[in-house]
Amino acid sequence: MPDNKKSEKTRKDILPLIRNIARDIYSKVLKKKSPDLVFPLRSLSNVKYDSKDGYFELKGKKKKRSLTAATVKTFAQTLRMMGLSKELVESDDIASKREAYYISKNWGESKFKEQPESDSAMDDIESMLMVNREQLGFIPEEKGGEVAGKLTVVDRDQDTGKQIKIDCTKFGSGAYSIPISVEHLKFETNAKFILTIETAGMFQRLVKHKYWKKSNCILVSMGGVPTRACRRFIRRLSDEKKLPVYVFTDGDPYGFGSIYRTLKVGSGNSAHINEFFCVPKAKFIGITPKDIVDYKLPTHPLKDVDIKKIKDLIKNDPFVHHHKEWQKALKQMNKMKVRAEQQSLAKWGLNFVISDYLPKKLKDKKNWLP
Amino acid sequence: MMAKKKQKKRTKVDAKTLAKKQREISVAEFFQKNRHLLGFDNKKKALLTTIKEAVDNSLDACEEAGILPEINVEIIDMNKKQGMKKEISEQQTTLVTEEIKEEDSGSKDRFRVIIEDNGPGIVKKQIPKIFAKLLYGSKFHTLKMSRGQQGIGISAAVLYGQLTTGRPTRIMSKTDAKSKANYYELKVDTRTNEPNIMAEKTVEWNKEHGIRIEIDLEATYQKAGQSVDNYLKQTAVVNPHVTLIYTSPDAEQRVFPRVIEDVPEETREIRPHPYGVEVGMLMEMLGTTEARTLQSFLMKDFSRVGAGTAKNICENAGLLPKVKPKKVTREMTEKLNKGIQKTRISSPPTDCIAPIGAEELEKGLKKEIKAEFYTSITRPPAVYRGNPFIVEAGIAFGGEQNSENSVRLLRFANRVPLLYQQNSCATAQSVMKTNWRSYGLSQSRNSLPIGPATIVIHIASVWVPFTSESKEAIAHYPEIIKEIKLALQECGRKLASYVNKKKRIVAEGKKRDYIETYIPHVAEALKGLLGLNEKDEKNIQGMLKSLLEKQRGKLEQIKVEASEFDESYALADTEEE
């Protein structure tokens with residue numbers, strides 16, 4: 001298990017890192033040597049999985065960007081982006097990914113045409129420095145996820161810095177929204193577990209019927225693939241309060257391979273920060289192919305992209321490689337050629353999920369997936 | 001409904017009645033019916049043909065006399081100028097220039113053409129016949145490379161002028177500096193095909209020697225396409241030793257200057273080669289020869305026939321070498337012709353042809369066509385049907401030439417531009433059958449390539465085979481097509497290496513531009529990251545540039561060497577055909 005105490009680098013540590021890289025380039029230029037930038041290769045092929053560590057770790061593969069005709073533009077852009085990061089850190093400011101993209105419009109010919117280009121440069125820099133983009137002063141656009149249930153979040157007032165306590169049982173039919181940066185948060189809870197849910201619809205049903213009260217838990221809505229903030233929030237909360245984490249998704253390759261896998265062990269693209277942005281202790285209590293059979297759930301046929309995703313997971317995903325159970329489940333789904341959504345449990349009554357499925361599944365460890 | 005025809009009984013006509021209708025056909029009548037054969041199909045072409053015949057004659061005469069030609073061509077729209085007296089020029093040419101009369105007004109298509117050269121002139125006695133008797137000339141009977149061949153040209157123009165305006169042609173000729181010039185006003189007697197001298201006198205002409213001819217004719221003038229302007233321009237391309245001064249009907253003067261100071265080498269006249277002679281020609285030669293025996297006839301009247309070859313021919317023909325030429329019958333001539341074809345005879349001599357020369361052709365191209373790359377070649381002599389010939393080709397590529405259209409093809413025979421019937425010409429066929437794609441031009445099947453290029457093809461021969469009498473398209477002899485294609489391929493290869501080099505350099509240049517665009521950004525970013533000053537920033541830029549130079553090597557340069565080109569002289573090129 002990764003040591004959560006081994007805290008991330010503070011923003012002040014970032015400046016020397018940036019300066020070192022710039023100085024290295026400068027000295028090479030002065031010696032008339034072609035300067036280069038070196039990044040870890042950000043892809044699934046460059047990560048390994050070990051259940052002892054519990055997350056995707058980088059293997060050694062590196063990508064070198066030398067200054068040539070083909071790379072000079074991205075080279076200049078990467079350096080510009082580092083410069084922006086330096087400014088942000090020095091002035092203790094932040095820029096959203098979108099804002100960073102717009103700032104680049106001042107850079108003449110080295111401006112970014114589309115935001116994916118600037119996002120990619122940002123990813124390059126964070127992997128090069130082995131830091132999280134929030135530490136560089138860049139924040140994402142999307143929300144972190146929603147929380148309801150037996151949890152009090154301790155935050156600070158944005159102006160006065162005074163402590164604020166947020167009681168997540170008091171949002172009525174709404175929910176607490178996870179902020180973009182969660183490092184400073186503290187938690188107070190006596191819940192027994194954290195239940196993370198794929199869809200906002202299912203989350204709403206559980207909130208409406210105060211499922212968290214009934215089973216003494218904290219509910220987190222991920223809304224698809226969990227954001228970094230969401231992953232980090234769940235990780236810190238579960239580590240500090242020693243809570244088990246259960247994940248409830250649709251029974252399809254996307255729910256297994258993208259949502260659950262990313263929450264539990266991280267992704268290939270952000271391998272350099274997975275150590276802090278994953279929840280290795282998470283367990284899967286979502287819809288499995290076996291559930292589809294056992295509960296006689298209504299299904300949809302697998303689409304071509306689903307079948308491709310299953311094959312890809314079995315063939316290329318180090319996490320699936322490691323777990324026979326997952327391979328078995330994926331193969332079974334491939335054979336059945338069908339998938340089922342969380343909401344399909346409604347076939348047996350709207351509250352079947354609360355009255356039967358979840359209580360039963362939470363007790364029945366045999367039917368969890370790792 | 002067809003009406004029933006009444007069968008009318010035909011009356012018989014006897015020979016005497018028929019004989020009343022039979023009479024000599026006048027040249028005028030012949031001309032009227034056959035003007036298309038002579039290049040006077042329409043008013044536009046009549047103007048071009050008139051100028052072409054006069055200029056071709058002047059060039060031939062100058063070269064024969066070893067004079068660097070300087071030719072003045074002037075076209076006057078008489079309708080525009082009517083009532084105006086021509087200004088007196090320094091050369092006192094106004095002496096013979098008639099006033100443009102009242103009567104010319106309203107006759108819209110009436111032009112006056114004046115061509116003046118600095119050639120050797122023509123002796124007094126010959127002037128009337130040369131200009132006012134059809135089919136009179138020195139060139140038809142010889143095998144010698146020259147521009148004119150049939151001797152029809154200039155007298156046909158005189159006749160045409162006379163038929164369309166009723167006016168005589170005015171000729172002035174001076175043969176040496178000391179004597180006066182001879183002045184004639186001439187018409188062709190349309191019944192007898194003899195010169196009709198309307199006026200004759202000697203005049204002062206302050207010019208050492210030369211000819212000046214002035215014809216009034218019905219014509220239409222057009223600037224673009226198959227025009228006088230283009231004919232003159234193309235003439236300038238393949239005759240870089242000529243200076244042409246042209247005054248158009250719009251009174252614009254254009255000079256095509258000389259860039260070579262040597263008169264082309266004199267060409268030798270040769271006897272016919274046996275392979276190029278047909279039965280009728282053989283019979284005529286046998287009838288007029290001075291030789292006593294068949295063997296000596298073959299040796300004396302043909303090239304490349306020695307005693308041995310002559311004997312072989314006789315043997316192969318089954319004829320006695322001793323037989324008298326006058327006694328050879330038509331059947332025997334047939335046998336003789338077959339015997340000739342069976343016998344191996346060495347190729348005709350080729351020193352009778354004077355090509356333009358690759359270097360000279362290139363100079364001509366450079367001065368008249370603005371391009372960025374020029375190449376040209378002269379093939380070694382080859383032979384078709386016993387006639388030696390030389391093919392030359394050149395390409396002017398790029399520059400301001402249109403890259404969307406087909407290439408421009410300039411065709412020449414014995415240094416004379418061919419403006420009509422391009423598609424039925426062996427040159428165009430050869431261009432179409434050459435694969436230009438491998439030389440960097442685009443081309444669809446069996447058509448001219450597309451690209452910013454001018455292709456020049458010149459055929460020089462003692463007898464250029466034309467498809468018709470109007471000398472507009474070269475006949476499709478396989479030997480000729482083969483030579484043209486070889487010439488084009490050779491030029492094409494040079495073109496390809498230029499085009500490829502250019503592509504390479506352009507691509508490399510783009511890459512460098514790209515890099516140089518971003519170098520300042522790298523430097524500026526480093527300046528910001530490390531807190532450097534402006535001097536350091538400049539230093540980084542310099543370092544990165546020299547680093548790049550080291551990486552990619554020195555950029556190759558391509559430069560156009562066309563110092564001969566002068567914009568003001570080459571204006572005529574801007575028109576599209």
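Just so it is clear, the values below take in all heavy atoms, side chains as well, and ignore hydrogens, waters and symmetry mates.
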Enumerate, including both backbone and side-chain atoms, all donor-acceptor pairs under 3.5 Å from chain B to chain A.
| unit_1 | atom_1 | unit_2 | atom_2 | d |
| --- | --- | --- | --- | --- |
| Tyr518(B) | OH | Glu109(A) | O | 3.1 |
| His521(B) | ND1 | Arg80(A) | NH2 | 3.0 |
| His521(B) | ND1 | Trp107(A) | O | 3.3 |
| His521(B) | ND1 | Ser110(A) | OG | 3.0 |
| His521(B) | NE2 | Glu109(A) | OE1 | 2.8 |
| Glu524(B) | OE1 | Arg80(A) | NH2 | 3.1 |
| Gly528(B) | O | Lys86(A) | NZ | 3.1 |
| Lys550(B) | NZ | Lys32(A) | O | 3.3 |
| Gln551(B) | NE2 | Leu67(A) | O | 3.4 |

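- When heavy atoms are compared at a cutoff of 4.5 Å, Leu529(B) approaches chain A by way of both its backbone and its side chain.
- Nearest heavy-atom pair, Ala22(A) versus Leu526(B), reported as atom, atom and distance to 0.1 Å: O-CD2, 3.7 Å.
- When heavy atoms are compared at a cutoff of 4.5 Å, Leu84(A) does not approach chain B at all.
- Ile540(B) touches chain A through backbone and side chain together, each having a heavy atom under 4.5 Å away.
- Per-residue heavy-atom pair counts under 4.5 Å with chain B were compared for Val29(A), Ile25(A), Ile21(A), and the maximum is reached by Val29(A).
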